[in-house]
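Report on the following structure.
Computed from a predicted model, the values in this text were never measured in an experiment. In what follows, every chain begins at residue 1, and chains take the letters A, B, ... in the order their sequences are listed.
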Number of protein chains: 2
Amino acid sequence: MAMHINAFEMLADPTRRLIVEALRDGERPVNDIVRRAGIHQSGVSRHLRLLHDAGFVSIRPEGRRRVYALQPGPFRELEAWIAGYRRLWEARLDRFGAALEERRNDGAAKEEPGQ
Amino acid sequence: MAMHINAFEMLADPTRRLIVEALRDGERPVNDIVRRAGIHQSGVSRHLRLLHDAGFVSIRPEGRRRVYALQPGPFRELEAWIAGYRRLWEARLDRFGAALEERRNDGAAKEEPGQ
DNA sequence: CATATATATTTATGGCCATGCATATTAATG
DNA sequence: CATTAATATGCATGGCCATAAATATATATG
């Protein structure tokens, strides 16, 4: 429900990546994940809560289980961010543009073209 | 030169993302980046070192400047990782497969199909 | 209702990391 | 060679976060 949490920070943690990868090919209840995660159940629950807050996963109660599943949103965000760097490897990088003229006004920063 | 550093951890830090974004449209010397980063020069230098160790940037000495530029490698890695989740939003997620049969062997973890 | 199972949360703790300051290095310049 | 500019590094510090243990909550089951 909270999108103020950065997607990269989420995936920075190895355990969280492991959880996400465990959910890659389908939803799973918590204990399923605990077995592969190699950490305490409370830790997995906390990570799942963070992932849920960040919009990475959905929760579906099923009896006394809580079934978690990946959500597409954050992945779209990541894809979009990286897309901005695609020309890095698809074309040669063009060294023209802002870098040159920026180097000109050496003493004081006046305006940033990028953002 | 060291690829043992995870790309997500690199981009988890806001300052580091800011640096990467500052280099998006071309190479820049350190002081150029310091101006936009809003943190001390030593901090920028340290981040640039980390980014270099992780293969994100190259260094080109130019007089007494050190000109940094983005490198495609880590971005390709990221792209590849996310590509594994593309069906999440391109198709509906299929809830069959491993999740079901995993739920069957409840008591003990025996083998993981995914990895 | 008592008990067991599944998950969440509270609390405490240790460790890592981003930052700033001071200093070192390297290079240009006079 | 002394000085200044540009960048890097050693050191100390504060804060955040991942983890575990204990406890709470919720749900199935007898």
Side-chain angles (χ1 to χ4, degrees), chain A residues 1-2 4-6 8-20 22-23 27-54 56-69 102-103 105-109, chain B residues 1-2 4-6 8-20 22-23 27-54 56-69 99 102-109:
Chain A
M1 192 175 248
H4 54 280
I5 305 176
N6 183 273
F8 287 113
E9 290 178 46
M10 272 303 123
L11 296 173
D13 182 77
T15 303
R16 232 133 52 200
R17 280 199 304 278
L18 200 150
I19 290 175
V20 166
L23 292 173
E27 55 179 22
R28 290 186 188 280
V30 179
N31 260 345
D32 241 52
I33 302 170
V34 172
R35 288 193 207 97
R36 4 189 117 199
I39 73 169
H40 197 272
Q41 172 262 323
S42 68
V44 172
S45 275
R46 191 188 318 282
H47 280 306
L48 284 170
R49 176 157 152 69
L50 289 173
L51 287 167
H52 181 251
D53 287 351
F56 269 84
V57 298
S58 60
I59 315 179
R60 177 171 65 81
E62 192 187 61
R64 46 186 174 186
R65 312 278 179 87
R66 310 262 285 177
V67 181
Y68 285 83
E102 269 299 308
R103 203 169 317 156
N105 56 353
D106 210 42
Chain B
M1 191 174 247
H4 54 280
I5 306 176
N6 182 274
F8 288 113
E9 291 178 46
M10 272 303 123
L11 296 173
D13 182 78
T15 303
R16 232 134 50 200
R17 280 200 304 278
L18 200 151
I19 290 176
V20 166
L23 292 173
E27 56 179 24
R28 289 187 187 280
V30 179
N31 260 346
D32 241 54
I33 303 171
V34 172
R35 289 192 207 97
R36 5 190 117 199
I39 73 169
H40 197 271
Q41 171 262 324
S42 68
V44 172
S45 275
R46 192 187 323 277
H47 280 306
L48 283 170
R49 175 158 152 70
L50 289 173
L51 287 167
H52 181 250
D53 288 350
F56 269 84
V57 298
S58 61
I59 315 179
R60 177 172 64 82
E62 191 187 61
R64 46 187 175 183
R65 312 277 180 89
R66 309 261 285 176
V67 181
Y68 286 81
E102 270 296 309
R103 202 167 318 155
R104 216 163 275 282
N105 56 353
D106 210 42

Partner of B/Val30 under side chain to side chain contact (heavy atoms under 4.5 Å, CB included), picked from B/Ile59, B/Val67, B/Val44, is B/Val44
Atom CG of B/Asp13 and atom C1' of D/dG15 are separated, to the nearest Å, by 14 Å
Rounded to whole Å, the CD1-P distance (B/Ile39 to C/dC21) equals 12 Å
side-chain hydrogen bond (donor to acceptor under 3.5 Å, both in side chains) with A/Ser45: of A/His47, A/Arg49, A/Gln41, only one passes, and it is A/Gln41
Whole-Å distance, B/Leu51 CG to D/dA8 C1', equals 15 Å
In whole angstroms, the gap separating P of C/dA18 from CZ of B/Arg17 amounts to 12 Å
Distance col, row B/Arg46:CZ vs B/Thr15:OG1, nearest 0.5 angstrom, shows 12.0 Å
Requested in this report: Check whether any side-chain N or O of A/His47 sits under 4.0 Å from OP1 or OP2 of D/dT19, and answer yes or no.
Outcome: yes
For a quick test of reading the model: is some side-chain N or O of A/Ser42 closer than 4.0 Å to OP1 or OP2 of D/dA21?
no
_Please determine whether any donor N or O and acceptor N or O are separated by less than 3.5 Å between the side chain of B/Gln41 and the base of D/dA6._
no
B/Leu48 CG to D/dT7 C1', in whole Å, measures 10 Å
Q.
side-chain contact (heavy atoms from CB on, under 4.5 Å), that's the test. Do A/Asn6 and B/Arg17 meet it? Break it down for me.
A. CA-CA 11 Å; A/Asn6 183 273; B/Arg17 280 200 304 278; 3.3 Å; yes
Side-chain N or O of A/Tyr68 less than 4.0 angstrom from OP1 or OP2 on C/dA6? no
Rounded to the nearest 0.5 angstrom, the CD1-CG distance for A/Ile19 and A/Asp32 is 12.0 Å
Assert: residue with more 5' nearest nucleotide on DNA chain D, out of B/Arg46 and B/Asn31, is B/Asn31
B/Leu50 atom CG is separated from C/dT19 atom P, nearest whole Å, by 10 Å
From the candidates D/dA5, C/dT5, C/dA18, the one with an atom nearest any side-chain atom of A/Arg64 is C/dT5
On DNA chain D, more 5' by nearest nucleotide between A/Glu9 and A/Gly43 is A/Glu9
A/His40 atom NE2 is separated from D/dA22 atom P, nearest whole Å, by 9 Å
Task: Any B/Arg16 side-chain N or O less than 4.0 Å from OP1/OP2 of C/dA18 - done: yes
* **Distance test, side-chain N/O of B/Arg65 to OP1/OP2 of C/dA27, below 4.0 Å** => no
When rounded to whole Å, the CD1 to C1' distance for the pair B/Ile5 and C/dA18 reads 15 Å
| Does B/Arg49 make a side-chain N or O approach to OP1 or OP2 of D/dT9 shorter than 4.0 Å? | yes
